[in-house]
**Q** 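Attaching a single structure in structure tokens format; questions to follow.
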Amino acid sequence: MAVSLRTYVYDEFSKARSWLDLRRRLISKGFYLKQGKDSVRLRDAYSNVDICSCRFLGFPSAQLTTRFAEMRAASAG
């Protein structure tokens, strides 16, 4: 099941250009993000059930933050 979930949301995470873009992409798939104690968590948009961390999906939140900052800087420059 974990592999199916990773495959299902992979494009959303890999193609997102910002946190807002990622959130919009995920909501279209029925998910949303919630900041947890030590991580950003993927949750089901309909039942509000916590599913897993972004790290579990292969996209650690620190890595996403860095990538989004670099994209923002590149587009501003």
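Here the structure is a predicted model, which is why all the values come from computation and not from measurement.
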**Q** Enter the distance from C52:SG to R6:CZ here, rounded to the nearest 0.5 Å.
**A**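 So the SG of C52 and the CZ of R6 are separated by 8.0 Å.
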**Q** Indicate the atoms forming the closest heavy-atom contact of K15 with D21, along with that distance.
**A**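 In this case the closest contact between K15 and D21 is O-OD2, 3.9 Å.
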**Q** Would you say R23 has more than 12 foreign heavy atoms packed within less than 6.0 Å of its CZ?
**A**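 Yes, because the 6.0 Å sphere around CZ of R23 holds more than 12 heavy atoms from other groups.
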**Q** In Å and rounded to the nearest 0.5 Å, what is the OH to CG distance from Y8 to L57?
**A**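 Between Y8 OH and L57 CG, I get 13.0 Å after rounding to 0.5 Å.
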**Q** For the residue pair R17 and M71, what are the closest heavy atoms and their distance?
**A**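 Taking every non-hydrogen atom into account, CA-SD, 3.5 Å.
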**Q** If you round to the nearest 0.5 Å, how far is CZ of F31 from CZ of R41?
**A**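 It is 13.5 Å, given to the nearest 0.5 Å.
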**Q** With sequence neighbours left out, what residues match S14 under side chain to side chain contact (heavy atoms under 4.5 Å, CB included)?
**A**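 Per chain and number, S14 pairs via side chain to side chain contact (heavy atoms under 4.5 Å, CB included) with Y10, D11, F59.
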**Q** Using side-chain hydrogen bond (donor to acceptor under 3.5 Å, both in side chains) as the criterion, list what pairs up with N48, not counting sequence neighbours.
**A**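 Counting only residues at least two positions away or on another chain, N48 forms a side-chain hydrogen bond (donor to acceptor under 3.5 Å, both in side chains) with Y32.
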**Q** Looking at CZ of F68 and CG of L20, how far apart are the two atoms once the value is rounded to the nearest 0.5 Å?
**A**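 With rounding to 0.5 Å, CZ (F68) is 10.0 Å from CG (L20).
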**Q** Identify the two heavy atoms, one from W19 and one from S61, that lie closest to each other, and give their separation to 0.1 Å.
**A**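 In this case the closest contact between W19 and S61 is CZ2-O, 3.8 Å.
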**Q** Do the side chains of F13 and L64 get nearer than 4.5 Å, heavy atoms only?
**A**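 The answer is yes, as the side chains (C-beta and beyond) meet within the 4.5 Å cut-off.
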**Q** If you count the non-hydrogen atoms of other residues, nucleotides and ligands that lie under 6.0 Å from NZ in K29, is the total more than 12?
**A**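 Yes.
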**Q** Taking only residues two or more places apart in sequence, or in another chain, which ones meet S47 in a side-chain hydrogen bond (donor to acceptor under 3.5 Å, both in side chains)?
**A**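 So S47 forms a side-chain hydrogen bond (donor to acceptor under 3.5 Å, both in side chains) with D44.
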